[in-house]
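Naming: A, B, ... by sequence-line order, numbering from 1 per chain. Note that these values count all heavy atoms, side chains included, but never hydrogens, waters or copies made by symmetry.
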Amino acid sequence: MRLHLPKPPNFNFKQIVWFLDRGYDDCLHKVEGNSVWKPIKTGNRKNLIRIEENHSDLVIHVNGPTDQRNDILNYVNTWFDLDRDLSGFYAILRKSGSLESLPDSFYGFRIIAIPDLFESLAWSIIGQQINLRFAYRIKRAFVESYGEPADDDLGIYHFPGFEVVRDLSVTELRELQFSSRKAEYLIGIARSFSNGSIAQERLADMTDTAEVIDELCKTRGIGEWTANYAVMKSLGRMDCIPWGDTGMLEAIRKMRGLDRKPTREEVQAFYKPFKGWESYLTFYLWRSLY
DNA sequence: GGCCAGGACTCAA
DNA sequence: TTGAGTCATGGC
């Protein structure tokens with residue numbers, strides 16, 4: 001079956017594809033030519049979809065049961081942040097001076113979501129303090145061990161649920177080159193989901209992002225950086241700044257022509273004109289590094 | 001070979 | 001509450 005989703009204004013599928021295929025070995029999707037394969041879960045149902053574009057629409061090819069039409073459309077809508085009107089963000093960039101070229105350079109680029117909060121927290125724990133290439137390697141080892149294959153030829157998987165991870169041992173994760181501490185964090189977070197002390201729906205209902213961040217930071221292993229990253233990617237909040245993020249600091253350093261990392265105050269000043277668009281500014285800063 | 005990676009925690013003062 | 005030390009391993 002094929003589903004159609006109209007492309008919104010200020011959208012460029014090629015930028016999306018670029019992001020999903022920017023040289024890392026990601027085990028959760030696969031880019032082939034101009035289309036993207038993605039295993040998704042809608043309700044209790046697992047699906048493998050393929051997304052491509054025509055002149056006006058995103059075209060979604062669905063393998064398997066098709067009774068979850070709306071769930072699939074919603075997933076893609078969330079994944080590519082299609083409901084967002086970027087014109088306000090672009091207007092600020094265009095009059096910002098040093099960032100005025102970004103809307104043209106990366107026109108139509110959107111935040112690629114990680115709709116599941118456990119997945120984004122797990123991914124950011126994995127990514128803490130190691131280079132991205134190594135992080136992707138560990139993620140693949142983890143997902144190949146404890147996730148579910150979606151397609152053997154494509155080498156892509158469904159991310160393991162917290163019900164699986166909560167019962168793992170530090171030793172098992174150590175074998176996948178997790179540090180003991182990361183293993184403890186990840187298992188601990190899975191248990192927090194399991195006992196309800198972290199619940200995506202409850203956090204999504206909170207209006208104040210700062211409160212959500214505080215709430216998440218109560219769990220061991222989740223700091224300011226991880227919480228902001230996960231809230232941006234999984235709850236679609238627009239006002240997230242992953243303080244201390246190496247890439248973000250490096251991008252600002254270049255833009256400002258500094259010979260050192262910007263201070264927290266300098267970062268704050270940099271973000272100040274972008275109230276309500278902090279997450280997008282972060283995403284575009286990361287984009288600018290490539 | 002050494003510094004640093006899409007950090008966070010611990011412990012001392 | 002601030003700062004240094006620690007964790008682990010790979011990329012460059």
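- Taking the six-membered ring where the residue is Trp, A:Trp225 and A:Tyr229 present parallel rings, their angle staying beneath 30° rather than reaching 60°.
- Between the P atoms of B:dA8 and C:dG10, the separation comes to 22 Å (whole Å).
- Heavy atoms of A:Ser180 sit under 4.0 angstrom from primed sugar atoms or phosphate atoms, though from no base atom.
- First and last contacting nucleotides of DNA chain C toward chain A (any atom under 4.0 angstrom from a heavy atom, 5' to 3' order): C:dT6 to C:dC12.
- Nucleotides C:dA4 and B:dG6 are separated by 23 Å at their C1' atoms, to the nearest Å.
- If you take OG on A:Ser96 and OH on A:Tyr90, they are separated by 13.0 Å, rounding to the nearest 0.5 Å.
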Tabulate below the donor-acceptor pairs under 3.5 Å that side-chain atoms of residues 26-34 of chain A make, not counting sequence neighbours, or state none.
from, atom 1, to, atom 2, distance (Å)
A:Asp26, OD1, A:Leu28, N, 2.8
A:Asp26, OD1, A:Lys139, NZ, 3.3
A:Asp26, OD2, A:Lys139, NZ, 3.3
A:His29, NE2, A:Leu20, O, 2.7
A:Glu32, OE1, A:Trp37, NE1, 3.1

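- Comparing C:dT6 with B:dC4, their C1' atoms sit 15 Å apart, to the nearest whole Å.
- The same atom, P, is picked in B:dC3 and in C:dG5; the two are 14 Å apart, to the nearest Å.
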Please output the side-chain donor-acceptor pairs of residues 146-154 of chain A that fall under 3.5 Å, not counting sequence neighbours, one pair per line with the distance.
from, atom 1, to, atom 2, distance (Å)
A:Glu148, OE2, A:Lys46, NZ, 3.4
A:Asp151, OD1, A:Asp153, N, 2.9
A:Asp151, OD1, A:Leu154, N, 2.8

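- Within 6.0 Å of CZ on A:Arg2 lie no more than 12 heavy atoms contributed by other residues, nucleotides or ligands.
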If the sugar-phosphate is the primed atoms plus P, OP1 and OP2 and the base is the rest, what is the B/S/- string for nucleotides 5-11 of chain B, using protein heavy atoms under 4.0 Å?
BBBBBS-

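- When the ring-ring contact (aromatic ring centres under 6.0 Å, His included) test is applied to A:Trp18, the partners found at least two apart in sequence or on another chain are A:Tyr290.
- Relative orientation of the A:Tyr136 and A:Tyr24 rings is parallel, given thresholds of 30° and 60° on the angle between their planes.
- Evaluation of the side-chain hydrogen bond (donor to acceptor under 3.5 Å, both in side chains) rule for A:Asp81 yields A:Arg84, A:Tyr280 as partners, not counting sequence neighbours.
- Taking the P atoms as reference points, B:dT10 lies 13 Å from C:dA8, given to the whole Å.
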